[in-house]
Amino acid sequence: NYTVVAYCGGGLLLIILYYFFDKNIDTLRDKIITAIVLLFLIFSFCFKDLELLWTAFVESTSYPTRFAFIFVFFATVIAGKVFKHLRSEKMNKKALIISLLVIILIAGLFWIRKDIEIELTAIVEYSVLIAVYCVLLYMLVTKKKYRKCIGITLLFLLSCELACNANTAFGEFKCSDIKFKDYVQNMELYKANKVEIRRIEAEFEDSAFEQQEKMLQEKMLGDVSNGN
């Protein structure tokens, strides 16, 4: 399963988009640089060749996109900039609504694409959740009298969202004593025969390389013969 484990709430996506649509936050140059970094991280999730850059050109053997925490950290920094700005400035309603509409549009595109296995129910539920985030964020900035209550509500919603996502992502992985003992035994067996195993792997790689060279030479000879 090539799922990106970017453990953050949907509200963070809303704030990132708001950062780009509010003209009063940062300069155009800063936003372009931020967009380039974000796109590079997102493309690294999508393309295997870019992902290998993050693992020193070594393919991951357990779960992919281990650098997803960098995306979460960078997105959190952007959110910090937004909240710092909103301490002294008013929230841009138009930018907030556009951000919400962009998220709904993206959700609709996910549903239209049949090759992406996402249920319509999940898309609708998440769209509604982010719409609620949108309302609460606006109230958090404008309703200073109820800021504490709204903040607690936001924290509660975020905690519930992350808990549900964690259960969905990792609920199928059940740890048992039997599996752990098997893992330990396999690792001990590997360590005891590490030299022999690596020798066999090296011989196999050499054999595969020789066969590849032989096939290339035969193809080149065939091309020369056809040319004559």
Side-chain angles (χ1 to χ4, degrees), residues 3-42 45 68-112 118-171:
T3 302
V4 178
V5 185
Y7 200 61
C8 59
L12 193 59
L13 175 61
L14 180 68
I15 296 170
I16 291 172
L17 290 173
Y18 179 85
Y19 167 81
F20 288 105
F21 290 121
D22 190 335
K23 297 178 181 179
N24 297 319
I25 302 177
D26 272 352
T27 62
L28 180 60
R29 176 179 172 274
D30 290 335
K31 287 185 177 181
I32 291 173
I33 294 172
T34 301
I36 291 171
V37 175
L38 280 175
L39 287 173
F40 179 74
L41 288 166
I42 293 169
F45 295 147
F69 71 92
I70 298 176
F71 173 83
V72 177
F73 175 79
F74 191 67
T76 305
V77 171
I78 296 172
K81 284 187 175 184
V82 173
F83 281 111
K84 184 179 180 180
H85 170 78
L86 292 177
R87 281 182 178 179
S88 56
E89 301 293 335
K90 291 183 178 180
M91 177 169 274
N92 188 326
K93 290 182 185 178
K94 184 178 178 181
L96 189 64
I97 293 171
I98 293 174
S99 302
L100 177 61
L101 292 176
V102 169
I103 292 174
I104 294 173
L105 177 62
I106 293 172
L109 292 175
F110 275 130
W111 180 64
I112 292 172
I118 300 178
E119 295 181 2
L120 178 60
T121 307
I123 292 175
V124 172
E125 289 174 352
Y126 234 90
S127 298
V128 171
L129 177 64
I130 292 178
V132 173
Y133 277 137
C134 183
V135 174
L136 288 174
L137 284 171
Y138 180 75
M139 292 176 64
L140 183 69
V141 176
T142 57
K143 306 293 183 181
K144 295 183 179 180
K145 185 178 179 181
Y146 304 101
R147 181 170 290 178
K148 188 174 181 180
C149 181
I150 297 168
I152 293 172
T153 305
L154 272 170
L155 181 62
F156 175 76
L157 276 178
L158 179 61
S159 300
C160 290
E161 180 194 353
L162 293 179
C164 291
N165 284 339
N167 182 65
T168 301
F170 304 110

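The backbone N or O of A79 lies less than 3.5 Å from no partner atom in the side chain of Y18, so there is not a single donor-acceptor pair. Side-chain atoms of E89 do not come within 3.5 Å of backbone N or O of N24 as any donor-acceptor pair.
For the atom pair CG (L162) and CG (L157), the distance works out to 11.0 Å, reported to the nearest 0.5 Å. The distance from the CD1 atom of I123 to the CD1 atom of I104 is 12.0 Å, given to the nearest 0.5 Å. Of the inter-residue distances, the one linking F45 atom CZ with F40 atom CZ reads 10.5 Å to the nearest 0.5 angstrom. To the nearest 0.5 angstrom, I103 atom CD1 is 10.5 Å from Y126 atom OH. The distance from atom CG of L12 to atom CD1 of I130, rounded to the nearest 0.5 Å, is 10.5 Å. Note: L41 CG to I36 CD1 = 12.0 Å, rounded to the nearest 0.5 Å.
Within the 4.5 Å cutoff, no side-chain heavy atoms of Y133 are placed close to those of I15. Considering only heavy atoms from C-beta on, L96 stays 4.5 Å or farther from F21 through its side chain.
Residue pairs meeting the salt bridge (charged side-chain N to carboxylate O under 4.0 Å, His left out) criterion with at least one partner in residues 23-39, sequence neighbours excluded, are D26-K81.
Among all heavy-atom pairs drawn from I16 and A75, the shortest one is CD1-CB, 3.3 Å. In this structure, S99 and L17 approach most closely via the heavy-atom pair OG-C, 3.4 Å. The nearest pair of heavy atoms linking L100 to L14 is N-CD1, 3.9 Å.
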Report all side-chain donor-acceptor pairs from residues 134-143 shorter than 3.5 Å, counting only partners two or more places apart or in another chain.
unit_1	atom_1	unit_2	atom_2	d
Y138	OH	K93	NZ	3.4
T142	OG1	Y138	O	2.8

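Shown here is Y146, whose OH atom has no more than 12 heavy atoms of other residues, nucleotides or ligands within 6.0 Å.
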